Amino acid sequence: MRPHLLRLAALLAAGLAAGCALPPPESEPEARAEYFERNDPLEPLNRVTHTFNEAVDVMLLRPVAEMYRLFIPQPLRTGIGNAIDNLLLPRTAAYQLLQGKPDKAAEAVGRFAVNSTVGILGIFDFASDLGLEPQFEDAGQTLGVWAGTTNGGPYIVLPLLGPSNVRDVAGRAVDFFTDPWGHLGQGDTVEALRVSRTVLQTVDTREQLIEPIDALRESSLDYYAAVRSVYHQQRAREILDQTEPRRRRFDWSGQPPR
């Protein structure tokens with residue numbers, strides 16, 4: 001290996017080591033139990049990333065979400081959210097089949113068919129009136145079902161993307177490659193549609209979470225720890241199919257969005 005690559009590897013290793021929180025000694029059983037329950041060995045590094053994400057949110061995402069709420073009427077925002085969610089249903093159905101839930105997969109296909117036609121590309125949610133409730137699955141949940149455990153490995157805070165864990169990082173990669181929008185072809189128009197969908201989905205989701213995130217920030221002595229706890233609990237409920245039908249897969253308050 002070339003000398004500069006060796007130096008780079010050494011710097012990366014040193015950075016990871018500095019960002020790791022070692023478990024307490026065995027003479028402190030309560031502290032050790034809490035450490036393994038948090039499952040956050042990279043906590044120092046994660047807190048730095050969390051602080052960066054918070055700065056981006058406060059300075060950019062939340063203001064944009066507020067402007068979106070101010071200038072886009074509620075019925076139109078609902079239709080946009082419905083259409084975005086509708087695009088996730090084919091992938092959801094595939095994951096449900098992989099999880100051994102053919103009945104749920106059939107419901108997802110039925111919901112997609114109804115809302116894509118009668119609901120005009122998913123803008124109107126007529127499927128719920130027929131008893132076909134919203135449902136969402138991702139690759140991380142599927143891997144959790146296969147593994148038979150809600151423990152997804154060490155907690156990780158991703159730049160811009162937020163809370164995750166080792167298993168869900170792998171799941172995100174699978175979700176990226178199974179996204180139908182990634183197989184629509186090439187060209188400036190298609191790329192513009194992909195970017196627009198991503199931006200719109202981000203802003204729409206952040207608008208729905210204005211109040212829940214504000215409430216969690218205000219009520220938490222340690223907002224980082226609160227987000228970590230909510231993430232662990234929410235992902236466990238999703239893997240165990242204990243969540244109520246709702247428009248979004250992840251809500252920060254434990255309550256369905258408005």
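What you are looking at is a predicted structure, and each value in this text was computed from that prediction instead of being measured.
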Could you state the interatomic distance from [atom1] ([X]) to [atom2] ([Y]), rounded to the nearest 0.5 Å?
| X | Y | atom1 | atom2 | value |
| --- | --- | --- | --- | --- |
| Thr78 | Asp204 | OG1 | CG | 8.5 Å |
| Thr150 | His232 | OG1 | NE2 | 10.0 Å |
| Met59 | Glu54 | CE | CD | 10.5 Å |
| Asn115 | Ile120 | CG | CD1 | 10.5 Å |
| Leu209 | Leu61 | CG | CG | 11.0 Å |
| Leu158 | Ser164 | CG | OG | 5.0 Å |

Measure from the side-chain N and O atoms of Asn165 to the backbone N and O of Ile156, and report whether any donor-acceptor pair falls under 3.5 Å.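 Between the backbone of Ile156 and the side chain of Asn165 there is no qualifying donor-acceptor contact (under 3.5 Å).
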
Okay, side chain of Asn46, backbone of Val157: is any donor-acceptor separation there less than 3.5 Å?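 Confirmed, Asn46 side chain pairs with Val157 backbone.
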
Could you report the tightest heavy-atom contact between [X] and [Y], atom names first, then the distance?
| X | Y | result |
| --- | --- | --- |
| Asn53 | Leu160 | OD1-N, 2.7 Å |
| Leu132 | Val114 | CD1-CG2, 4.4 Å |
| Pro163 | Tyr155 | CB-OH, 3.2 Å |
| Gly153 | Asn39 | O-ND2, 3.0 Å |
| Lys101 | Asp241 | NZ-OD2, 2.9 Å |
| Ser220 | Ala226 | OG-CB, 3.2 Å |

Salt-bridge criterion met for [X] and [Y] (N-O under 4.0 Å):
| X | Y | value |
| --- | --- | --- |
| Arg111 | Glu133 | no |
| Asp138 | Arg91 | no |
| Asp168 | Arg235 | yes |
| Arg47 | Asp222 | yes |

Does either side chain, that of [X] or that of [Y], offer a donor lying less than 3.5 Å from an acceptor on the other one?
| X | Y | answer |
| --- | --- | --- |
| Thr205 | Gln201 | no |
| Glu137 | Thr92 | no |
| Ser128 | Asp125 | yes |
| Thr51 | Tyr224 | no |
| Gln141 | Gln99 | no |

Say whether Val230 and Tyr223 are linked into one hydrophobic cluster, either directly or through other cluster members, by side-chain heavy-atom distances under 4.5 angstrom.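 Val230 and Tyr223: one cluster.
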
Quick check: is Val109 connected to Leu97 through a chain of hydrophobic side chains (ILVMFWY, heavy atoms under 4.5 Å apart)?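 Hydrophobic grouping puts Leu97 apart from Val109.
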
Going by heavy atoms in the side chains, are Ile123 and Asn82 under 4.5 Å from each other?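 The answer is no; the side chains never approach within 4.5 Å.
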
Passing candidate, side-chain hydrogen bond (donor to acceptor under 3.5 Å, both in side chains) with Arg69, options Glu207, Gln208, Gln74: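 Passing option: Glu207.
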
Atom NZ of residue position Lys104 - does it have more than 12 heavy atoms of other residues, nucleotides or ligands inside 6.0 Å?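 No - once you tally the heavy atoms of other residues, nucleotides and ligands closer than 6.0 Å, there are 12 at most.
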
Test salt bridge (charged side-chain N to carboxylate O under 4.0 Å, His left out) applied to Arg206 and Glu211, step by step: CA-CA 10 Å; Arg206 185 61 184 90; Glu211 286 80 13; over 6 Å; no

